[in-house]
Amino acid sequence: MSEYDARGKVNRALLICVDDYRTLRPLPAVKDNARQLERALLAPGTDLFTKGEVVTCRPQEPWEVEQALDAVVQEARGLLLVYFSGHGRVGRDGGNLQLMVGSSERRHKTVSWQDTVLSYLDNARADRIVIVLECCYAGNASEAFHSCRNPTSLLMAAQPNRRIFSGEEPTGGSVFTRALVQTLERGIPGKRFVTFEDLVRDLREQLAGERTPMGDVWVPRSAKQNTVDDVILSFATPEDRPPTPLRIRLRRWLKSYFRHWPGLLLILAIIFVPATTGLVLLRLGNGEAPCPPALELRLLTAPEAEPALRQAAFDYEMSQANTRPLSGEGDLPDGCRRAQITVYSAAKDQVDQGFAAADRWQGEAHGTGKGQPGDQGIDPLHRPGPQPDIWIPESTADYYEARRGMPATGSPATLHYSAPVAYTPLVVGIPARRRLDDVEPAGASWQELLTGTDSTHHDLKLLRPSPVLSGTGLLHTLGLYLAHDGSGTATAAPDLTLARHAEERLAAPGSQYAGSTELLCSLRPDTDAAGSVDRAESAPLVSEKSLADYNLGRATGSCPALDAPLPLRDRYVAYYPANVPALDHPLIRVDWQGATDATPRQAAVAGFAQWLRDRDGGQRTLTAQGYRGVRDSSPRQGSPLLDSRADVSPLAATVPFTAHPEQVSRVLDGYDKAQRSSQVLILMDASTSMADGGKLPIALSAAGRAVELVGARHTYGLWTFPDRAHPEDRDAVRELVPLGSADPAPGKAALDRIAGSPDGELVDHGAAMEEALTRAVRKLKTSPATNKAIVLILDQDDGAGAGRAAGVERTLSALVKEGPRVPILVLAMGRSGCDTFALQQLAGASHGQCVPSGPQAVDTLAGRIASIGTATKGDR
């Protein structure tokens with residue numbers, strides 16, 4: 001996993017500590033927390049923050065916190081660390097965490113975690129944000145945290161719904177912060193530095209002997225949003241520490257020099273050159289910012305490639321290619337960055353929708369795009385994000401598909417295709433203990449692989465990322481359809497019979513995922529989600545890089561890194577289908593009509609592209625992440641592909657992409673025709689509790705993705721519960737879109753109404769999930785559709801208690817087990833997530849799956865929904 005190193009950037013740490021309260025009990029230990037933590041952050045061994053970059057705030061009023069947040073948000077460009085130590089309060093439902101300042105009362109004059117803190121941090125321009133919350137109920141911050149838009153890591157002092165003793169110790173800092181400071185100052189044995197995930201693990205070990213006031217083991221929790229890489233928080237180590245790189249020391253010296261030079265110039269001017277006072281004052285005005293603001297480039301990519309490209313972007317920003325003075329750039333000081341690159345990701349279907357609606361995408365970026373006729377509810381500003389300057393998809397096939405969806409004329413976006421920046425072959429992962437006899441791993445034909453895994457041999461289930469959502473899935477489908485016999489990519493359209501036979505070998509329903517990493521994450525031994533497939537009977541169709549990461553125990557999708565590679569019994573061996581093109585990751589420059597700075601942006605993109613393809617520049621970074629180079633496809637020294645425990649074949653051929661746009665279109669058409677008709681009933685909790693903790697935007701996004709996947713042969717219905725017209729009727733549901741609709745417009749309009757007016761659309765009444773779900777299951781049982789599923793999106797079943805019909809649980813359980821099968825796909829956003837017995841039982845009995853709320857939840861659920869139409873004979 002890549003680590004983000006913020007040294008030399010403009011970093012900020014805001015330490016918010018409240019020990020003196022007017023109406024609440026004092027917290028004497030918190031008084032020392034700020035001083036102890038500031039000392040640790042500025043220690044030479046920590047080597048991350050410099051003097052003036054750590055700010056302490058001891059607020060008595062809420063506005064003081066807002067003022068401090070606003071300042072650091074505006075200033076930070078590298079790492080922004082926000083720490084809070086004080087009292088915390090939550091509502092009766094465990095949501096709406098409030099941070100208490102000196103004047104706070106139980107429900108007044110507080111700082112809202114969701115509405116205040118997260119709102120300010122959403123506007124930050126820092127590369128990475130790290131938040132540390134040390135207060136009672138800190139663990140309850142995780143729900144609203146998933147609405148963050150920036151790359152953020154959150155450390156919570158304890159698990160949800162727990163009070164803690166921190167702050168009541170007499171002196172010397174609280175227990176939690178003392179442990180935090182110790183790790184930052186001393187480092188961790190065997191580690192060259194301390195990352196965020198290292199810190200979390202070490203704190204859990206240090207606090208294992210402590211107890212909360214409720215008698216539970218004290219367990220710090222963590223969460224990450226919009227990032228899967230790690231952040232370095234200290235360079236302290238018990239071992240010999242290497243010196244700070246020269247470039248970092250030079251940048252710090254320049255920053256320090258420029259911080260003092262206005263005063264020196266003033267003295268010189270008074271003594272030697274009085275006539276130049278005006279000039280000196282002009283220089284004084286710019287003295288605080290010797291480096292002009294760097295040009296910001298936005299880089300859009302696939303979720304699987306995001307961590308590696310984040311590391312590449314950081315390495316480029318700090319490289320001489322981006323910091324050395326160039327002729328024609330005026331007096332840009334040496335060491336100043338010309339460009340800074342923001343990297344973000346989105347699923348393939350979201351990117352396609354963004355480019356298809358590029359006029360709205362650009363309009364919303366300027367605040368003029370809302371409400372345009374014909375937009376059909378598409379919201380590309382938030383899905384996939386801000387309009388990009390650079391797009392690096394997984395393969396050229398993704399580029400062809402995006403171009404096909406764009407209007408022939410009138411689009412404000414122009415895509416300029418350029419050469420690949422890295423390769424990674426496609427592979428089929430075979431369980432290490434079930435290697436295929438007489439099949440050569442490096443170069444087997446698809447026919448050999450299909451035969452070697454069929455029912456007469458190993459009977460392995462082939463799992464593939466969704467071609468609709470994933471570039472890896474699209475290219476695997478291209479290879480499967482056109483290179484099925486190993487003879488190479490055909491020039492004609494795929495044979496529909498062959499396409500259907502290929503699809504019949506893919507396990508369904510619930511077999512498709514939003515990408516290689518999420519598919520592999522679901523197969524990891526430490527992941528036991530309800531309804532998950534048997535990893536020993538599965539053969540994932542993924543990329544070489546993602547399979548190597550999986551085997552080596554690196555971060556995979558939403559699964560964090562492990563301490564060591566997986567044992568052989570849990571690994572997959574890479575088999576390379578012959579003549580199937582590799583993911584080629586082309587760099588696409590995106591020009592936007594009307595841009596006033598088009599020329600410098602084009603030059604900046606060209607500079608970054610050149611560096612990415614440089615053997616001693618970006619190629620070094622990307623190959624170290626597990627990719628293959630563009631000039632030499634053999635892994636270089638330092639590549640994880642050379643580790644025998646990766647179970648890949650470094651000498652396997654890298655096949656370039658040669659298919660034509662027409663072939664990609666034909667393959668997708670063939671894929672669509674090979675699917676069977678499907679029907680999805682979206683059942684969404686519409687109780688007022690959905691508006692708490694940032695759950696409603698996630699629910700609406702998940703429902704919106706489900707609606708976007710429908711078509712002429714894939715119909716849907718949209719119900720909410722409880723019914724606004726009959727809130728007391730537990731069996732009543734509100735049918736916003738009748739089951740069987742093929743038009744996504746009514747569903748999008750209904751979801752837009754809920755988003756625009758939640759107060760009027762949500763129902764202030766308990767949501768009786770089991771009653772509503774019983775009605776939905778009965779409805780789908782009578783549907784003539786061959787493949788069908790229920791998508792249940794809920795906060796929690798808060799309809800239990802008085803008025804519940806006797807035996808409703810038994811009735812629902814029996815109904816789910818009866819034929820025909822109706823899988824239930826659950827997105828659970830309550831405090832317990834998928835840990836409740838009821839949800840696990842429903843998902844397991846129906847052959848569905850429960851997806852807990854989290855950064856990848858919407859994409860993960862969309863992958864399951866996309867596979868509903870792929871159920872085949874034998875329901876493999």
>> Is there a side-chain contact (heavy atoms from CB on, under 4.5 Å) between Leu792 and Met684? Walk through the geometry before answering.
In response: CA-CA 6 Å; Leu792 174 63; Met684 191 173 82; over 6 Å; no
> Within the distance-only criterion (no hydrogens, no angle test), does the side chain of Arg464 pair as donor or acceptor with the backbone N or O of Leu541 below 3.5 angstrom?
Replying inline: no
>> Under the rule for side chain to side chain donor-acceptor pair (under 3.5 Å), what residues qualify as partners of Ser395, not counting sequence neighbours?
In response: none
> Taking all atoms of both residues into account, what is the closest heavy-atom pair of Ser546 and Ser516, and its distance?
Replying inline: OG-CB, 3.3 Å
> Does a donor on one side chain sit under 3.5 Å from an acceptor on the other, for Gln353 and Glu708?
Replying inline: yes
>> On a heavy-atom basis, which atom in Ala706 and which in Ile682 lie closest, and how many Å separate them?
In response: CB-CD1, 3.7 Å
> What closest approach, in Å, do Leu583 and Gly471 show between heavy atoms, and which atom pair accounts for it?
Replying inline: CD2-O, 4.2 Å
> Listed by chain and number, what are the side chain to side chain donor-acceptor pair (under 3.5 Å) partners of Glu394, not counting sequence neighbours?
Replying inline: Thr472
> Counting N and O atoms only, with roles assigned by atom type, does the side chain of Lys224 sit under 3.5 Å from a partner on the main chain of Thr152, one being a donor and the other an acceptor?
Replying inline: no
>> Determine whether a donor-acceptor pair (N or O, by modelled atom type, separation under 3.5 Å) exists between the side chain of Thr424 and the backbone of Lys545.
In response: yes
>> Are Ile430 and Leu460 packed together at the side-chain level, in the sense that at least one heavy-atom pair is separated by less than 4.5 angstrom?
In response: yes
>> Regarding Lys348 and Glu401, does a basic nitrogen lie under 4.0 Å from an acidic carboxylate oxygen?
In response: no
> Taking all non-hydrogen atoms of both residues, which atom of Ser701 and which atom of Val858 are closest, and how far apart?
Replying inline: OG-CG1, 3.7 Å
> Mind checking whether Pro640 and Arg554 have side chains closer than 4.5 Å, heavy atoms only?
Replying inline: yes
>> Run the ring pair (Phe, Tyr, Trp, His ring centres under 6.0 Å) test against Tyr423 and tell me which residues pass, sequence neighbours left out.
In response: none
> More than 12 foreign heavy atoms under 6.0 Å from CZ of Arg433: is that the case here?
Replying inline: no
> Do Trp391 and Leu299 come within less than 4.5 Å of each other through their side chains, counting heavy atoms only?
Replying inline: no
> Tell me, which pairs form a salt bridge (Lys or Arg N to Asp or Glu O under 4.0 Å) where one or both residues lie in residues 557-569, sequence neighbours left out?
Replying inline: Arg201-Asp563
> If you measure from the Lys or Arg side-chain nitrogens to the Asp or Glu carboxylate oxygens, is any gap between Arg705 and Asp349 under 4.0 Å?
Replying inline: yes
> Is Thr715 close to Val710 at the side-chain level, that is, under 4.5 Å between some pair of heavy atoms?
Replying inline: no
>> Donor-acceptor check, side chain of Asn787 to backbone of Ser678, threshold 3.5 angstrom: yes or no?
In response: no
> Measuring from Ile793:CD1 to Leu683:CG, what's the distance to the nearest 0.5 Å?
Replying inline: 9.0 Å
>> Tell me if a side-chain donor or acceptor on Thr451 pairs with a main-chain N or O of Gln447 at a distance below 3.5 Å.
In response: yes
> Considering residues at least two apart in sequence or located in another chain, which fulfil the ring pair (Phe, Tyr, Trp, His ring centres under 6.0 Å) criterion with His476?
Replying inline: none
> Can you tell me how far the OG atom of Ser649 sits from the CG atom of Leu651, to the nearest 0.5 Å?
Replying inline: 7.5 Å
>> For a side-chain contact (heavy atoms from CB on, under 4.5 Å) check, start with the C-alpha distance between Tyr4 and Gln311, then their side-chain angles and the critical distance, and finish with the verdict.
In response: CA-CA 7 Å; Tyr4 176 76; Gln311 184 63 48; 5.6 Å; no
> Do Phe657 and Leu475 come within less than 4.5 Å of each other through their side chains, counting heavy atoms only?
Replying inline: yes
> Taking all atoms of both residues into account, what is the closest heavy-atom pair of Thr556 and Cys521, and its distance?
Replying inline: O-CB, 3.4 Å
> Would you call Pro650 and Leu642 a side-chain contact if the rule is heavy atoms closer than 4.5 Å?
Replying inline: yes
> Is there a side-chain contact (heavy atoms from CB on, under 4.5 Å) between Leu309 and Leu622 once you walk through the steps?
Replying inline: CA-CA 8 Å; Leu309 287 174; Leu622 293 174; 4.3 Å; yes
> Ignoring hydrogens and geometry, is there a side-chain-to-backbone donor-acceptor pair from Asp584 to Thr396 under 3.5 Å?
Replying inline: yes
>> Determine whether Leu568 and Asp647 satisfy the following criterion, side-chain contact (heavy atoms from CB on, under 4.5 Å), listing intermediate values before the conclusion.
In response: CA-CA 9 Å; Leu568 179 62; Asp647 279 313; 4.2 Å; yes
>> A side-chain contact here means heavy atoms from C-beta on lying under 4.5 Å apart; do Tyr575 and Val439 qualify?
In response: yes
> Which pairs pass salt bridge (Lys or Arg N to Asp or Glu O under 4.0 Å) with one or both residues in residues 299-309, sequence neighbours excluded?
Replying inline: Glu306-Arg310
> In Å, rounded to the nearest 0.5 Å, how long is the span from CG of Leu478 to CG of Leu426?
Replying inline: 9.5 Å
> Ignoring hydrogens and geometry, is there a side-chain-to-backbone donor-acceptor pair from Thr301 to Ile392 under 3.5 Å?
Replying inline: yes
>> Keeping Asp454 on the side-chain end and Asp459 on the backbone end, is there a donor-acceptor pair under 3.5 Å?
In response: no
> Does Ser665 use its side chain to pair, donor to acceptor, with the backbone of Gln663 at less than 3.5 Å?
Replying inline: no
>> To the closest 0.5 Å, what do you measure between OG (Ser345) and CG (Leu300)?
In response: 7.5 Å
>> As an exercise, state the distance from OH of Tyr572 to CZ of Arg434, rounded to the nearest 0.5 Å.
In response: 10.5 Å
> What's the spacing between Leu450 CG and Leu462 CG if we round to 0.5 Å?
Replying inline: 6.5 Å
> What's the shortest heavy-atom distance between Gly626 and Leu641, and which atoms?
Replying inline: O-CD1, 3.6 Å
> In terms of the angle between their ring planes, are His585 and Tyr627 parallel, tilted or perpendicular, with boundaries placed at 30° and 60°?
Replying inline: perpendicular
>> Are Tyr399 and Pro661 packed together at the side-chain level, in the sense that at least one heavy-atom pair is separated by less than 4.5 angstrom?
In response: no
>> Using the rule side-chain contact (heavy atoms from CB on, under 4.5 Å), only one of Val791, Leu794, Leu861 pairs with Leu827; which is it?
In response: Leu861
> Any side-chain donor paired with an acceptor under 3.5 Å for Tyr400 and Arg404?
Replying inline: no
> In this structure, which one of Pro425, Ser634, Pro581 forms a side-chain contact (heavy atoms from CB on, under 4.5 Å) with Thr654?
Replying inline: Pro425
> Is a donor on one side and an acceptor on the other found under 3.5 Å between the side chain of Glu448 and the backbone of Ser445?
Replying inline: yes
